[in-house]
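Worksheet: one structure, shown below.
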Amino acid sequence: MNVLTLLLVLALGACSPQPLPPEEPLGSCTVSDGDTIRCGDERIRLLGIDAPELPGHCRTGRICAPGNPVASTESLNTVIAGRLGVRRFGKDRYGRTLAMVSADDRDLSCHQLAAGQAIYRSDWDNLSAIMRTCPDAIAAANAPSR
């Protein structure tokens, strides 16, 4: 293998995405709002999305996600059943677990995006996990017609 080929192989290897955390089973959960759930004592913030805030929750000076917070919460309620799984990425400043959560192998962040009930936030998407999982849902959520 010549030096140029070796450098190309090394560069391509460096560009491959990091593996996602392993998925673990998750017990029963309840929906707090369009991007947050509670599973026992654990509060989980869905990765890579921002959903409309419930009344009184959008602090002054903050730009909050557009849309209907009740519809967003209901949308999440419709899919949070069946076999749940979680991929944990750490904690946010409020102590919530940042995670990808799936219900019967359907990612909840992707569901909210595809349903038009949340916006994609690349700066909140650790390892570009949501971008890697459902780029079509992100494109649809960011389409000008919404």
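All of these numbers come straight from a predicted model, not from anything done at the bench.
- Just one residue in the list Thr133, Val86, Leu108, Leu46 forms a side chain to side chain contact (heavy atoms under 4.5 Å, CB included) with Met100, and that residue is Thr133.
- More than 12 heavy atoms of other residues, nucleotides or ligands shown are found within 6.0 angstrom of CG on Asp123.
- Not counting sequence neighbours, Arg87 has no partner by the side chain to side chain donor-acceptor pair (under 3.5 Å) test.
- Arg93 pairs by the side chain to side chain donor-acceptor pair (under 3.5 Å) definition with nothing, not counting sequence neighbours.
- Atoms CG and CG, from Asn126 and Leu98 in turn, are 6.0 Å apart once rounded to the nearest 0.5 Å.
- Rounded to the nearest 0.5 Å, atoms CG (Asn77) and OG (Ser32) are 10.0 Å apart.
- The two residues Ile49 and Gly34 have their closest heavy-atom pair at CD1-O, 4.1 Å.
- Between atom SG of residue Cys110 and atom CE of residue Met131 there is a gap of 10.5 Å, rounded to the nearest 0.5 Å.
- Salt bridge status for Arg45 with Asp50: present, with a side-chain N to carboxylate O gap under 4.0 Å.
- The nearest pair of heavy atoms linking Ala99 to Phe89 is CA-CD1, 4.1 Å.
- Considering only residues two or more places apart in sequence or on other chains, Asp125 meets the side chain to side chain donor-acceptor pair (under 3.5 Å) condition with Tyr120.
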Side-chain donor/acceptor pairs under 3.5 Å, residues 66-74, sequence neighbours excluded:
| residue | atom | partner | partner atom | Å |
| --- | --- | --- | --- | --- |
| Asn68 | OD1 | Val70 | N | 2.8 |
| Asn68 | OD1 | Ala71 | N | 3.0 |
| Ser72 | OG | Gln112 | NE2 | 3.3 |
| Ser72 | OG | Gln117 | O | 2.8 |
| Thr73 | OG1 | Pro69 | O | 2.9 |

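- Placement of Val31 and Ile119 in two distinct hydrophobic clusters is found when ILVMFWY residues are connected by side-chain heavy-atom separations under 4.5 Å, directly or transitively.
- Checked against salt bridge (Lys or Arg N to Asp or Glu O under 4.0 Å), Arg96 has the following partners two or more places apart in sequence or in another chain: Asp92.
- Residues Ser75 and His111 are in side-chain contact: their nearest non-hydrogen atoms beyond the backbone lie under 4.5 Å apart.
- No continuous path of hydrophobic side-chain contacts links Trp124 to Ile138 [ILVMFWY only; heavy atoms under 4.5 Å].
- Nearest heavy atoms, Leu26 versus Cys39: CD2-SG, 3.7 Å.
- Of the possible polar contacts, one joining the Asp104 side chain to the Arg83 backbone as a donor-acceptor pair under 3.5 Å is found.
- Linking ILVMFWY side-chain heavy atoms closer than 4.5 Å, directly or via other members, places Ile44 and Leu84 in a single hydrophobic cluster.
- With rounding to the nearest 0.5 angstrom, the OG1 atom of Thr97 is 11.5 Å from the CG atom of Leu47.
- Applying the side chain to side chain donor-acceptor pair (under 3.5 Å) criterion to Arg43, with sequence neighbours excluded, gives no partner residue.
- A side-chain donor-acceptor contact under 3.5 Å links Arg132 to the backbone of Leu127.
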